[in-house]
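Contents: one structure, followed by commentary.
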Amino acid sequence: MPELAEVEFYRKRWNPGLKQKVAAVLLHPSASVFRGCDVNLLEDQLTGATLLSSGAAAKQMLFRFSGDAWLGLHLGMTGELTVQPADFEPRKHDHLVLRQRDRSLVFSDHRMFGRVQFSTGADAPDWWSSIAPAILSDAFTLDAVATFLHRRARSPIKAVLLMQERFPGIGNWMADEILWRAAIHPKQPAGTLMPAQIKTLHKECRWVCRQALEMIGGESAELCDPPKTWLFPHRWEDGGSCPKTGAKLLREQIGGRTTCWSPARQILVA
DNA sequence: TCCTATGTTGTATG
DNA sequence: ACATACAACATAGG
């Protein structure tokens, strides 16, 4: 599930554990979410450490602990974070549990495309610092987008929007939502977009990110879905209709992912 | 049985 | 070296 705003939502879920000490660490050491991670070091360093702060960028989360310890989490396709009672017993898919006095902070992922990273040091790890500037930051300029589309000229625009190196946090549903709002066909080669279309695309990237973060990454305790006026709730319905035109939506694999678009407003330009 | 799934990455090919 | 396409990863559910 998790794209930009959902990642922010799950990050905040662990907020009740801020400023609290980790009494014990429970984990499934051979689970593939720990690939490339030193689980012994993680266990040693986090036991007795205090959760100080957290952040989200793109689809990554970073949790900072006392003792210069950094825990990175990626939710993959099916990951989630929850807060459970202090005596919670981890089940099959609860791969990492940070047990505190009054609660357990739990990372679960049944499909295990997610990932746990751990490191120590005075500064945040390199993989975190090198995440592309957020779409809602000033560094996400029209120029940067135009240059990127030019370099990926022959790829369908849908595939380009999924590239985290320029569109951090955008995933399959957000990409479709952005293209639908911008009235651009997902198969349109990135290099064939007119300057006015690139400008619209840039604008809709920011609009969808801002709205999604307000709606989903906000203060609500529940993960809520975008409203019926968005493409989102219609994209998986069989025989679903475009909320702007009423025309039947189409679905097809584009850029390796199932893509939904409204043929009445997203026209492929030759 | 076969297909799907809101993600990333390694590898092959051009 | 760079851009592009796609299988692979692991699991559950329809």
Side-chain angles (χ1 to χ4, degrees), chain A residues 1-11 28-37 56-61 72-81 91-96 107-117 127-128 130-132 135 147-181 186-192 205 208-209 211-213 215-217 222-227 230-238 240 249-261:
Chain A
M1 168 182 278
E3 300 178 20
L4 185 81
E6 291 102 340
V7 172
E8 177 65 6
F9 173 84
Y10 284 120
R11 177 190 71 82
H28 299 149
S30 57
S32 69
V33 291
F34 291 107
R35 58 194 179 278
C37 173
K59 298 172 192 169
Q60 303 276 358
M61 291 173 285
L73 295 178
H74 191 292
L75 298 171
M77 293 274 262
T78 53
E80 63 172 338
L81 301 189
R91 297 150 303 185
K92 186 177 175 189
H93 300 306
D94 305 322
H95 304 302
L96 177 65
F107 166 68
S108 316
D109 184 7
H110 73 78
R111 206 168 154 193
M112 293 202 284
F113 288 171
R115 185 168 160 113
V116 179
Q117 302 189 78
W127 62 261
W128 174 262
S130 59
I131 291 172
I135 288 173
T147 302
F148 192 77
L149 298 201
H150 183 69
R151 184 174 300 179
R152 306 291 178 163
R154 291 152 59 114
S155 293
I157 186 62
K158 166 64 186 276
V160 174
L161 277 179
L162 294 174
M163 294 178 181
Q164 301 298 295
E165 63 203 273
R166 180 48 65 195
F167 301 98
I170 301 298
N172 205 28
W173 80 253
M174 290 183 85
D176 285 358
E177 192 74 41
I178 290 163
L179 291 173
W180 175 70
R181 289 179 181 275
K187 274 187 191 170
Q188 194 71 43
T192 65
C205 280
V208 169
C209 285
Q211 296 299 316
L213 281 167
M215 238 176 347
I216 300 165
E222 294 303 313
L223 191 55
C224 58
D225 283 344
W230 287 42
L231 177 64
F232 181 94
H234 309 280
R235 48 180 282 116
W236 294 126
E237 288 172 357
D238 274 326
L249 296 167
L250 294 183
R251 268 183 311 214
E252 195 179 316
Q253 290 270 323
I254 301 175
R257 311 297 301 280
T258 299
T259 298
C260 177
W261 76 97

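What you see is a predicted model; the values in this text were computed from it and never measured. Sequence lines set the chain letters: A, B, ... in the order given, protein chains first and strands last, and positions in each chain run from 1.
- The side chain of A:K92 sits closest to C:dA12 out of B:dT6, C:dA12, C:dT11.
- Using cut-offs of 30° and 60° on the angle between ring planes, the pair A:W173 and A:W230 is tilted.
- Annotation: of the two residues near DNA chain B, A:R111 and A:R115, the 5′-most nearest-nucleotide partner is A:R111.
- Contact between the side-chain N/O atoms of A:H74 and the OP1/OP2 oxygens of B:dT8 is found at a separation under 4.0 Å.
- We find that CD1 of A:I178 is positioned 15 Å from P of B:dT6, with the value rounded to whole Å.
- Contact between the side-chain N/O atoms of A:H110 and the OP1/OP2 oxygens of B:dA5 is not found at any separation under 4.0 Å.
- For the pair A:R151 and C:dC2, the criterion of a side-chain N or O lying under 4.0 Å from OP1 or OP2 is not met.
- When the nucleotides C:dA5, B:dT8, C:dT11 are ranked by their closest atom to the side chain of A:K59, B:dT8 comes out on top.
- Contact between the side-chain N/O atoms of A:S32 and the OP1/OP2 oxygens of C:dC9 is not found at any separation under 4.0 Å.
- Checking the phosphate oxygens (OP1, OP2) of B:dA5, a side-chain nitrogen or oxygen of A:T258 falls inside 4.0 Å.
- Of the candidates C:dT4, B:dT6, B:dT8, B:dT6 carries the atom nearest the A:M77 side chain, counting heavy atoms from C-beta on.
- Taking 4.0 angstrom as the limit, A:Q164 places none of its side-chain polar atoms (N or O) nearer than this to OP1 or OP2 of B:dG7.
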